[in-house]
Amino acid sequence: MSGTRRKALLVSAALVSGALLMTACGDSDKAAGTGAAKDAAAAAPAGNAAGATPNGLTAETSGKGSEKSADKGSDKGSDKGSSGQGADKSTDNGGDKGGASGQGRDGSGVDRGDGVRVPVQQSCGANDLSWSTRSESQAGGYILVMAKAKPGITCVLPEKHPVVAFGSDGTEAGPAEQSLGKAITLSGNKTAYAGVNPKTTNTDSYKELNFIIVAPENNDPDPVELKTGPIRVDKPIVTNWHTSAKDAVPFS
């Protein structure tokens, strides 16, 4: 075989081998591409399954929707809570009104014996009052005792005369009036008056003092000592409490 023919055969064989190699590479590339596409397709459903919700929304979108729903639910719950507060106020008002009406039904004070209750008021103690005295010349001369309730106090003086003592020997003024007077309620600037005649006798038997000891009632724990100036004491008398000074003149 000639050299030229041998060369031609070798070239032909090389061309055929090259074509075969190119075909094999193309098929490999296609197979690889097809495998990658299949892997991507398989991965896509898994990703969708992880991020999707039953409504086809992503997890992020679903989460936002849940937050909005929760916010709306909270708002509605708050509104209902406000209504509950209104109910509480209504209950409180009703309770107060009921309590007030209950007090009106039950009343207060002391039963006077016929089923009617009369209010109980605070009796005046010596410490509840502001005291003062003044010397008067009428009826042979006497001492006018004046009493007013201290600021913020309202109290009642009894129908009878005040207790007036002279010194420490137990000498007390007797009643200048035959009957009881009226109870007097003191408050603000209202003043009660009682007249004391320290000496009702014409004898030379007496004792001299310059003060008297006064209390609204016998059992008062804190009687007050009032300055009077020099006085002669023998069988003293005192009037009931009055709201007018002219009614508190102790005629013997």
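Computed from a predicted model, the values in this text were never measured in an experiment.
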Closest heavy-atom contact between [X] and [Y]?
X    : Y    : result
P223 : A215 : CB-CB, 3.9 Å
A173 : H161 : O-CE1, 4.2 Å
L157 : A192 : CD1-CB, 3.4 Å
P158 : P216 : CG-O, 3.8 Å
G141 : N197 : O-OD1, 4.0 Å
A126 : V224 : CB-CG1, 4.1 Å

side-chain contact (heavy atoms from CB on, under 4.5 Å) partner of I153, chosen from D128, L186, N127, L129: D128

Given 3.5 Å as the limit, does a donor-acceptor pair link the side chain of [X] with the main chain of [Y], or not?
X    : Y    : answer
T228 : N210 : yes
T239 : G195 : yes
K199 : T203 : yes
T243 : T191 : no

Side-chain heavy atoms nearer than 4.5 Å, only ILVMFWY residues, links allowed to pass through others: does that put [X] and [Y] together?
X    : Y    : value
V249 : M146 : yes
Y142 : W241 : no
V163 : L226 : no
V164 : L209 : yes
L180 : I184 : no

Distance-only donor-acceptor check, side chains T201 and D234, under 3.5 Å: yes

Stepwise salt bridge (Lys or Arg N to Asp or Glu O under 4.0 Å) check, E159 with K182: CA-CA 5 Å; E159 300 91 338; K182 293 182 179 180; over 6 Å; no

Rounded distance (nearest 0.5 Å) linking atom SG of C124 with atom NZ of K150: 11.5 Å

Is there a side-chain contact between [X] and [Y] in this structure, where contact means two heavy atoms from C-beta onward sitting under 4.5 Å apart?
X    : Y    : answer
F251 : Q138 : yes
T171 : P236 : yes
E177 : H242 : yes
K207 : F166 : yes
V156 : S123 : no
V196 : L144 : no

Neighbour count above 12 (heavy atom, 6.0 Å) for N189 CG: no

Pair E172-I213, side-chain contact (heavy atoms from CB on, under 4.5 Å): steps then yes or no: CA-CA 9 Å; E172 290 189 8; I213 300 170; over 6 Å; no

Chi angles and distances behind the side-chain contact (heavy atoms from CB on, under 4.5 Å) call for W131, V145: CA-CA 7 Å; W131 300 86; V145 177; 3.9 Å; yes

